[in-house]
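Please read the structure below before turning to the comments.
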Amino acid sequence: MTLTPEDKTIILDSIRDIPDFPKPGIVFKDITTLLNNPRALSTLMNHLTERYLGYDLDYIAGIDARGFIFGSILADRLGVGFVPVRKKGKLPYTTVAEKYSLEYGFDEVEIHIDAFGENGCSLEGEKSKVLLIDDLIATGGTAKAAANLIDKVGAHCVEACFIMELGFLKGREGFSAPVYSVLEID
Ligand SMILES: O=P(O)(O)OC[C@H]1O[C@H](OP(=O)(O)OP(=O)(O)O)[C@H](O)[C@@H]1O
Ligand SMILES: Nc1ncnc2[nH]cnc12
């Protein structure tokens, strides 16, 4: 279940740095090179599958846009539902929304009110257990807004999972759920 140092290196080496994207001074972590590397992607997804098999999850909520990719693969592997947390104005049914700030601007995310069942509960009235996932946590603004949405619709965010954490931005501080990052950059 724990990643070996070799496994971590395979995943880390597959992610590329793009300086000055989308703004001068930002070093953008590009995960497209992880996605097109089958060895790195399966090393990552095998690890996440093993980690979350024992969590008895009901749903995986993936953050727009790269959280959709990792979240969908993991949801299928675990046999649970996938829920998209989308940027404002994209979801067709009734939504709840949260505004947030990030390393390079402001944005707003939304979720369908019934995404995790009526009032966020199963038919038996239990709060749905949700894993939140995204490619990266920087300031934590996006993921904290997404976790608030899970809470607002009545479900329970059991953990927030990221492929990469920019530790120096301290995004995990004050998070309402446990935070797990596969790779941490100091
Ligand atoms: O921790 P934070 O400071 O909130 O930043 C992390 C967010 O930034 C990136 O997405 P981005 O906002 O660039 O959106 P995109 O997926 O539409 O490119 C990344 O995929 C996270 O969702
Ligand atoms: N440096 C970065 N690379 C990729 N996504 C990000 N989101 C916020 N900061 C980022």
Side-chain angles (χ1 to χ4, degrees), residues 8-37 40-41 44-45 47-48 52 59-75 82-92 95-112 115-116 130-153 155 157-186:
K8 277 198 180 187
T9 302
I10 289 167
I11 300 167
L12 185 63
D13 287 354
S14 74
I15 298 171
R16 122 181 115 174
D17 282 355
I18 309 289
D20 300 320
F21 183 88
K23 289 187 175 169
I26 302 289
V27 179
F28 193 84
K29 300 292 179 184
D30 177 18
I31 55 86
T32 63
T33 42
L34 160 58
L35 298 175
N36 73 12
N37 178 330
L41 185 60
L44 172 69
M45 296 315 305
H47 167 62
L48 294 180
Y52 289 110
Y59 296 93
I60 298 201
I63 298 178
D64 199 343
R66 291 172 289 280
F68 293 173
I69 304 165
F70 301 108
S72 301
I73 299 172
L74 187 57
F82 175 78
V83 171
V85 179
R86 292 221 65 179
K87 299 283 166 62
K88 192 173 173 52
K90 301 288 186 182
L91 287 172
T95 59
V96 288
E98 279 270 326
K99 290 196 172 69
Y100 62 95
S101 59
L102 74 169
E103 224 185 335
Y104 37 75
F106 294 90
D107 221 325
E108 192 167 347
V109 279
E110 290 186 321
I111 205 166
H112 278 150
F116 308 112
V130 181
L131 175 73
L132 181 63
I133 190 164
D134 202 356
D135 64 327
L136 182 137
I137 179 167
T139 65
T142 314
K144 284 172 183 165
N148 285 345
L149 290 180
I150 294 168
D151 191 53
K152 270 189 185 171
V153 298
C157 180
V158 297
E159 189 157 282
C161 171
F162 306 93
I163 313 312
M164 187 170 265
E165 174 175 357
L166 304 185
F168 55 93
L169 291 171
K170 305 198 182 306
R172 69 164 59 224
E173 286 184 7
F175 214 104
S176 54
V179 171
Y180 173 68
S181 302
V182 177
L183 306 169
E184 204 168 329
I185 308 293
D186 293 319

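Each ligand, and each atom within it, is numbered from 1 in the order the structure gives.
Shown in contact with D64 at under 4.0 Å from a heavy atom are these atoms of ligand 1, numbered in order with element: 16 (O). For ligand 1, the atoms sitting less than 4.0 Å from at least one non-hydrogen atom of L136 are 6 (C), 21 (C), numbered in the order shown with element in parentheses. Within ligand 2, counting atoms from 1 as listed, the ones closer than 4.0 Å to a heavy atom of V27 are 1 (N), 2 (C), 3 (N). Under a 4.0 Å criterion applied to the non-hydrogen atoms of R66, ligand 1 contributes the atoms 9 (C), 10 (O), 13 (O), 15 (P), 16 (O), 18 (O), 19 (C), 20 (O). Within ligand 1, the atoms closer than 4.0 Å to a non-hydrogen atom of T142 are 2 (P), 4 (O), 5 (O), 6 (C), 7 (C), 22 (O), numbered from 1 in the order shown. Close contacts of ligand 2 with A138, meaning ligand atoms under 4.0 Å from a residue heavy atom, involve 8 (C), 9 (N).
When the heavy atoms of R172, K29, R86, K87 are ranked by distance to atom 14 (O) of ligand 1, first place goes to K87. Between I137, I185, L136, it is L136 that holds the heavy atom closest to atom 6 (C) of ligand 2. Compare G67, G140, P22, G171 by their heavy atoms: the one nearest to atom 1 (O) of ligand 1 is in G140.
Of all the heavy atoms of T139, the ones lying under 4.0 Å from any atom of ligand 1 are found in both the backbone and the side chain. The proximity of L169 to ligand 1, defined as any non-hydrogen pair under 4.0 Å, does not occur for either the backbone or the side chain.
Of the candidates R86, K88, E110, R86 is the only one forming a side-chain contact (heavy atoms from CB on, under 4.5 Å) with D64.
Between I63 atom CD1 and L149 atom CG the span is 9.0 Å, to the nearest 0.5 Å. Once rounded to the nearest 0.5 Å, the distance linking CG of D30 with CG of L136 reads 11.5 Å. Rounded to the nearest 0.5 angstrom, I15 CD1 and F28 CZ are separated by 11.0 Å. Considering CD1 of I60 and CG of L48, their distance stands at 8.5 Å, rounded to 0.5 Å.
At least one N/O-N/O distance between K29 and ligand 2 falls below 3.5 Å. Inclusion of A143 in the set of residues having an N or O under 3.5 Å from an N or O of ligand 1 is not warranted. Between A138 and ligand 1, at least one pair of N/O atoms sits closer than 3.5 Å. Taking distance alone, with nitrogen or oxygen atoms compared against 3.5 Å, D135 approaches ligand 1 more closely than that limit.
The backbone N or O of S14 lies less than 3.5 Å from a partner atom in the side chain of T33, making a donor-acceptor pair. No donor-acceptor distance shorter than 3.5 angstrom exists from the side chain of K87 to the backbone of A65, with no hydrogens or angles considered. No donor-acceptor pair under 3.5 Å is formed between the side chain of K29 and the backbone N or O of E165.
When every heavy atom of A61 is checked against every heavy atom of V130, the shortest pair comes out as CB-CG1, 3.8 Å.
At least one heavy atom of L166 lies less than 4.0 angstrom from ligand 2.
Ring geometry, Y59 versus F116: the interplanar angle exceeds 60°, so the pair is classed perpendicular (tilted spans 30 to 60°).
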